[in-house]
Amino acid sequence: MLRSKLPAVGTTIFSRMSQMAAQEQALNLSQGFPDFDPPAALLDAMARAVNNGGNQYAPMPGLPYLREQIAGQLLLHRGVNADSDTEITVVPGATEGIFCAIMAAVGTGDEVIVFDPCYDSYEPAIQLAGARAVHVPLSAATFSVDWERLEAAVTPRTRMLIINSPHNPTGSILTSADMVQLEALVERHGLLVVSDEVYEHLVFDGRQHHSVLQYPGLRRRSVAVFSFGKTYAVTGWKTGYCVAPPALTAELRKIHQFVCFVAVTPVQQALADFMAEEPGYPTTLAAFYQAKRDLFCNALKPSSFSITASAGTYFQLLDYSAVTRGIDVEVAESWTRDNKIASIPVSVFYQQPPDATYLRLCFAKRDELLLEAADRLCKI
Ligand code: PMP
Ligand code: GLN
């Protein structure tokens with residue numbers, strides 16, 4: 001009766017581990033979301049938006065006022081000019097934006113290069129578009145791009161490359177040298193890029209985020225995808241935006257208008273109001289999350305785990321090889337059950353999992369919870 005379009009796909013690791021954490025009453029450092037409140041002024045803006053009648057459909061590409069705020073922020077934080085009418089589209093979450101960008105730009109017979117470990121939503125979208133994902137592993141330990149391996153993976157069928165910096169699940173980031181190499185490669189081969197930049201403001205130790213929007217050769221060929229969920233600690237509001245040249249934006253909107261049609265109106269109004277009030281808010285995030293990363297990593301010092309502090313995102317990898325040689329999926333499950341601490345196994349993000357022993361822990365949590373989690377981990 002029914003032939004599955006995604007026969008290999010089950011329930012995502014994020015849903016499974018969060019569910020297991022709830023069942024086992026474990027500290028949930030698995031799925032990435034803050035356990036603290038968003039800024040009070042943003043919550044007030046949301047209440048105002050709902051109470052002031054912003055409860056019907058917004059225009060399909062997003063509220064003009066929000067798109068203007070986004071354009072302002074792109075200029076302020078990245079020095080990038082983007083036309084709010086023809087290049088910015090508000091979407092109900094980065095997941096939808098990525099899906100629409102892939103659907104809009106690739107089709108049957110095309111190949112799309114992704115880097116492993118690879119965020120879980122890319123490949124299903126590629127498959128549903130009729131294309132094929134070609135997985136290129138990031139270098140072991142540093143999780144950086146192996147340029148020779150990438151070049152070797154490009155074929156005449158390659159149409160698109162998906163990048164994600166800062167990188168989930170490893171916390172690595174692309175450097176400016178990487179971006180220059182990437183720009184040359186996509187121009188040489190005429191490729192499109194989907195650039196998942198949802199953690200753009202979460203970069204640590206004085207590092208810089210490099211957006212595809214800042215490199216002319218990439219800007220021409222890319223859809224950059226952002227999420228308000230990460231920047232404003234409102235993952236449940238499921239709102240983000242895509243920035244792409246007009247022709248790409250037009251194709252993306254054709255898909256977006258029939259997947260969701262519009263993003264949620266009062267959320268857009270509230271975000272726009274808050275962005276207008278506090279345009280500098282995103283610049284506070286790096287120090288805020290770096291302090292959490294440092295608190296967590298320092299508290300883990302007495303443990304036997306090997307830890308390289310994350311360069312970006314709100315995730316920290318932990319190498320458990322000195323403690324157990326178990327398979328990461330089983331280790332994550334047993335820690336949730338027995339030690340009451342839930343994490344995400346990294347092997348599930350690979351087509352061919354390496355012999356690696358990493359778990360990902362989310363540090364977007366209150367300090368007390370991070371210290372309690374570290375205490376439990378130190379006892380393993
Ligand atoms: N890309 C990456 C790398 C993510 O980590 C996430 C979400 N956590 C998303 C995309 C999706 O973001 P959203 O919740 O806005 O759909
Ligand atoms: N992106 C979030 C994470 O990496 C999860 C979002 C989801 O559950 N789809 O943890």
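Atoms considered below: every heavy atom in the structure, side chains included; atoms not considered: hydrogens, waters and symmetry mates. This structure is a prediction, so every number in the text was calculated from the model and none was measured. For ligands, and for the atoms within them, numbers begin at 1 and follow the listed sequence.
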Should the pair Lys365-Asp35 be classified as a salt bridge under the 4.0 Å nitrogen-to-oxygen rule? no
Note: Val198, heavy atoms under 4.0 Å from ligand 1, region reported as side chain
For atom 12 (O) of ligand 1, what's the nearest protein heavy atom and its distance? Ala94 CB, 3.5 Å
Hey, is Arg159 close enough to Glu111 for a salt bridge, meaning N to O under 4.0 Å? no
Does an N or O from Ser15, backbone or side chain, lie closer than 3.5 Å to an N or O of ligand 2? no
Ionic contact status for Asp44 with Arg48, cut-off 4.0 Å: no
Considering only heavy atoms, does Phe228 approach ligand 1 within less than 4.0 Å through its side chain, its backbone, both, or neither? neither
Does this structure show an ion pair linking Asp338 with Arg376, if we count only N-O contacts that are shorter than 4.0 Å? no
At what distance is the nearest protein heavy atom to atom 11 (C) of ligand 1, and which residue and atom is it? Thr95 OG1, 3.2 Å
Are Phe288 and Phe36 close enough that their ring centres sit under 6.0 Å apart? yes
Evaluate Thr12 for polar contact with ligand 2, using N/O atom pairs at a separation under 3.5 Å. no
Tell me, which protein residue and heavy-atom name are nearest atom 5 (O) of ligand 1, and how many Å apart are they? Tyr199 OH, 2.6 Å
Are Glu200 and Lys230 close enough for a salt bridge, meaning some N to O gap below 4.0 Å? no
Would you mind telling me if ligand 2 is within reach of the side chain of Arg16, the backbone, both or neither, using heavy atoms under 4.0 Å? neither
Taking heavy atoms and a distance under 4.0 Å, where does Thr239 meet ligand 1: side chain, backbone, both or neither? neither
Using a strict 4.0 Å cut-off to heavy atoms of Gly93, name the atoms of ligand 1 that fall inside it. 15 (O), 16 (O)
Is there a polar contact, in the sense of an N or O pair closer than 3.5 Å, between Gly32 and ligand 2? yes
Distance flag, aromatic centroids of Tyr57 and Phe261, threshold under 6.0 Å: yes
Does the N or O separation between Gln31 and ligand 2 drop below 3.5 Å for any pair? yes
Ring centers of Phe296, Phe363 separated by less than 6.0 Å: no
Of all protein heavy atoms, the one nearest atom 2 (C) of ligand 1 is Asp196 OD2, 3.3 Å
Does the gap between the ring centers of His201 and His77 come in under 6.0 Å? yes
Could you list the residues that satisfy ring pair (Phe, Tyr, Trp, His ring centres under 6.0 Å) with Phe33, not counting sequence neighbours? none
Record the part of Phe33 in heavy-atom contact with ligand 2 below 4.0 Å; permitted values are side chain, backbone, both and neither. neither
When distances are taken from atom 6 (C) of ligand 2, the protein heavy atom at minimum range is Tyr119 OH, 3.5 Å
Report the part of Glu96 in contact with ligand 1, treating N, CA, C, O as backbone and CB onward as side chain, heavy atoms under 4.0 Å; options are side chain, backbone, both, neither. neither
Nearest non-hydrogen protein atom, atom 9 (C) of ligand 1: Tyr119 OH, 3.6 Å
Going by the order shown, which atoms of ligand 2 are within less than 4.0 Å of some heavy atom of Asn168? 1 (N), 3 (C), 4 (O)
Identify whether the distance between the nearest side-chain nitrogen and carboxylate oxygen of Arg157 and Asp110 falls below 4.0 Å. no
Can you tell me which residue and heavy atom of the protein come closest to atom 14 (O) of ligand 1, and the distance to 0.1 Å? Lys238 NZ, 3.0 Å
Which residue and atom name correspond to the protein heavy atom nearest atom 8 (N) of ligand 1, and how close is it? Lys230 NZ, 2.2 Å
Passes salt bridge (Lys or Arg N to Asp or Glu O under 4.0 Å), Arg132 versus Glu123? Steps please. CA-CA 8 Å; Arg132 189 168 81 84; Glu123 176 142 21; over 6 Å; no
Ligand 1 N/O within reach of Thr235 N/O, cut-off under 3.5 Å: no
Is it true that Arg220 and Glu187 have a side-chain N and a carboxylate O under 4.0 angstrom from each other? yes
